[in-house]
Amino acid sequence: MRKRMSMGAAAALMLLSAPAWTQQADVQPPPAPETPEPAPAETKTLAPVVVSGQREEIVKQAQVAKSDVPLMETPQAISVVTADTIRDQGITRLADALRGVAGVSRSSTYGYYDSYQIRGFDAAYGSIYLDGLLSGNVAGTNNELAGLERVEVLKGPASMLYGSAPLGGLVNLVSKRPRNERFVDLGYAIGSYGLVENSLDANAPLGSSGEWLGRINVLFRDSDDFVKYSDNQRLFIAPSLTWAPQAGTSLTFLGRYQRDRDSPWSPVPASGTVQPNPNGRLPIDFSVNDDEGSVQNQDHLQLGYALEHAFSEALTFQQNLRYTRFKTFWDKWMFAGPFVVDATNIPRTDVISRYYYGPFEQNDREFAVDSRLAYSLALGSVKQNLSGGVDYRYRRGAYFDAGGNFDANANPLDLFDPDYSAPLEPVGAQPTPSASRSLERQIGFYLQDHLQFGERFTVTLSGRYDAAESSGVKDEKFSPRAGATYLLVPGLAAYASWSRSFTPQGSYRTLDDQPLPPETGRNIETGLKANTLDGRLEGMISVFRLTRQNVATEDQDNPFTYFATGEQESRGFEVETRWRPLPTWLIAMAYANLRAEITRDEKFPSGAKLPNVPRDSLNLHTEYVIPSGVLKDLGFSLSYLRNTGKNGSLYEDLSLPGYKIFDAGLSYRLLDWETRLNVNNVLDERYYPDAGGGERVTPGEPLNWRLSVMRTF
């Protein structure tokens, strides 16, 4: 483990910050301001439900919908993962937070970056939004969850509100905002692989008028990993400041800084893992990288604000704005290549070549702003919620790649008797260094009309016109959506929708250096939504059919070039439920049945299964807190994840076996203290959740644990 900062110093820094805040808490607080606590512009929640000393908020609207239309009246599937869920299950990776969302599965981005598929289609790039604005870079992202209020997943096309977006859906991360209360949460965690983590979440009204509220989230994490010679270290700081001068007006400044210094591991060959090898089986901690480790440094800085102003009860204005700067550097990142051939030109089964990646440096700068007006009116029994706006984003990037070494017999490694001390050859016989600058920009105009007829029936019509430019290629597109909901009984509604999507692909080039045409898609969907008034039961059943054309596919015979496949389709159904049979007992389920395949193509046969998509996936979770007696506030949790087998590649015969994972947890609250023990993969299942081909299979994490303690002041 690389200790670039003293753990004791980090812990002392956070502990010393507590008295300053708690000393303020001892002072007589100022009178409560007349202005109510500002909330995120796009969300409203019911009053908190107190459950054995814990507060759970029931989300009724989602920021990702860009309106205050209730989720029950939104004709599209939207799932929400709250900060409580993330904390209670000890989750630190976005892919793990999405396990409880039906239709979401792992995709392949080396097992290191945030990676997932939504409804059978890869959404690892271009689908992550932060507070309603696109967030990400070319190299991939690892988003910190400690500064989030919740994670929202919009399934199906989002182009009618966001422009270019993956057909399967998108993920919106909602930042924690200041509240009109005073608290300090100090956290400390240890765990497998030498994990040490310190965290701080502090909030307070500033000044005596109540117009200003402040909050800051800080986290420092340092840990090795389950693969040899790999580790990660993160510093995360997220300050926020709200100014609410009058009722209906608030301006929240949001900052976010993330510094990662990692030695990431690499995926492993299929031979000896998911396929037999005559020499045996690779250990789960097998490293493709040498004993000095790879290098992956990332620095992310994001500054922006969220503004809301109510001109009247009927007319409101909202604006989100953010400037982002990403820096990424990697070097000595080794990836498995083909088997080395012997003197008779026959591939060996024990020695592989390795590709050397780096040095590589990427710098991105991005500006994004989304402004919209919402107007509500009533004409007799018809209520109308009309909203429209314009958003603009601009990204300029530059990178330098030294070329690495992709010679087939370079940097060999014996799989079963590895010598990590052998010197590496970072430069190939024919190095191909490259440098480039890129420019992407998009402006979109969108309009949505939500009509409510009486108390049961709603119709939603929305459309958006986009003008996008990527790598000098310009695209224009109109993206419509039409949907309706009908309230069958109180707390149960049926919905149906039709929509289209598009994604520019100007940065993808063919072998003759021509840009690919935009990817287009469409969705037909229907289902049921449930949400009882008491909040004890909420859920959703969805049936859908997604179709997309002109899908960018990398040419395996010519690296870094692409071609457009003809047509792909994903159809299936999803079930999500959260039920509280008792106030302190939760049962949650997420199930999806997907058939994702190629339906028309010149290169691949019709019916070929898309990679990394399980036919069936099931996630069950239950937790119970003892409400009274000697063991009051002692909690138990158990989770079960099951994925059926997957196709690992379109280019070769590669099957990933299905797997079952059990997680368990214990928790205990005593006054202002909270302790949690989370144990993942309790049965130490050997599994491989995704693959990028026969040389890039991702190993699943073995048995691991995390013990956290939090004190609230």
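Positions are given from 1 along the sequence.
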Hey, are [X] and [Y] close enough for a salt bridge, meaning a charged N less than 4.0 Å from a carboxylate O?
{"X": "E292", "Y": "K332", "result": "yes"}
{"X": "K327", "Y": "D299", "result": "no"}
{"X": "K646", "Y": "D690", "result": "no"}

Report the residues that fulfil salt bridge (Lys or Arg N to Asp or Glu O under 4.0 Å) with R365, sequence neighbours left out, ordered by chain and then residue number. none
Name all residues meeting the salt bridge (Lys or Arg N to Asp or Glu O under 4.0 Å) criterion together with D663; count only those two or more places apart in sequence or in a different chain, and write none if there are none. R99
Give the ring-plane orientation class for Y229 versus Y420, where under 30° counts as parallel, over 60° as perpendicular and anything between as tilted. perpendicular
Angle between ring planes, F226 versus Y193, binned at 30° and 60°: parallel, tilted or perpendicular? tilted
Could you tell me if the ring centre of [X] sits under 6.0 Å from that of [Y]?
{"X": "F367", "Y": "Y394", "result": "no"}
{"X": "Y357", "Y": "F406", "result": "yes"}
{"X": "F329", "Y": "F360", "result": "no"}

Is the NZ or CZ atom of R696 positioned over F335's six-membered ring, under 6.0 angstrom from the centre and within 45° of the axis? yes
Would you say the side-chain atoms of N289 and S230 include a donor-acceptor pair closer than 3.5 Å? no
Is it true that R261 and Q233 share a donor-acceptor pair across their side chains at a distance under 3.5 Å? no
